[in-house]
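Taking it in order: structure first as structure tokens, then the write-up.
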Amino acid sequence: MHSILVYHTISSPAEPLPGDIDISPEKFDRQLRWLSSWHRVVTLDETLGSDSRARGVAITFDDGFRDNLTVALPLLEKFRLPITLFVAAGLVGQDNYLSADELREIARHPLVTIGAHGLWHRHFTRLSNDEARLELRESRSLLKNITGRKIDLMAWPYGECDAGLERLSEECGYRAAWSVWKGTNSTYSRWRVPLGRRDNMARFIAKVSGAYLPTKFLEQKLARIRSGDKTLECADLSVL
Ligand SMILES: [Zn+2]
């Protein structure tokens, strides 16, 4: 099993950003140093291979914050670690986010793959089928127009998806999609591990190794097992 990490912004705002999504450059630097010493860091594409015994760590970023280019990329270059950057296409050019020129620049970097992250960063599980389809298609085409790259990977905003959305993303031409501990943990809802300012080094190491899952998540799974829920997937059980 691979570990897929998800970062957002590498910055030190005075107040924590909602959703525990900021990590200081110093902490990020320490985490990358540790990863490059102790793990095989691979591209996201490599984690799609069929070898279930393969063990690597892939790094992803969501949303498209400007500091991904100005702060994170120089640190990633220092350790030569690849990332996939899932960009919310409608946020391009807004305050604190990459401009179209900056997105073009980061997309050309050999360590960077660009993926989609919806158009307006909405909760997909609350959208109608038509709205979801529009977001999936338009975000892909906007990013392709800006970067000139093929866009066929995506991450669900807020990590949220369900079986219907997984099918829809396949229908819309994506090759794979990632959630955050939601969905079936298969091709269109692969699980990722979120990281934020609350993660000290011990918790970071536990998260990378797969030993850490949120208490709430485990409680839900245990409750389902105790109630004899027959709908649990193999993937649900393998994490316990
Ligand atoms: Zn996001």
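Indexing begins at 1, ligand by ligand and atom by atom, following the structure's order. One-based numbering along the sequence shown. Worth saying up front: this structure is predicted, and the values here are computed from it rather than measured.
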- Item | Carboxylate-amine/guanidinium contact D199 K27, below 4.0 Å | no
- Query: Does S37 have any side chain to side chain contact (heavy atoms under 4.5 Å, CB included) partners at least two apart in sequence or in another chain, and if so, which?
  - Reply: none
- Message: Do the side chains of R133 and E171 get close enough for a salt bridge, i.e. N-O under 4.0 angstrom?
- Response: yes
- Message: Considering the Zn ion (ligand 1), could you give the total of protein N/O/S atoms lying closer than 2.8 Å?
- Response: 3
- Item | Non-neighbouring partners of D63 that pass side chain to side chain donor-acceptor pair (under 3.5 Å), sequence neighbours left out | H117, H121
- Identify, with sequence neighbours excluded, every residue that meets salt bridge (charged side-chain N to carboxylate O under 4.0 Å, His left out) alongside E46. R40
- Please state whether the rings of F61 and F28 are parallel, tilted or perpendicular, taking 30° and 60° as the class boundaries. perpendicular
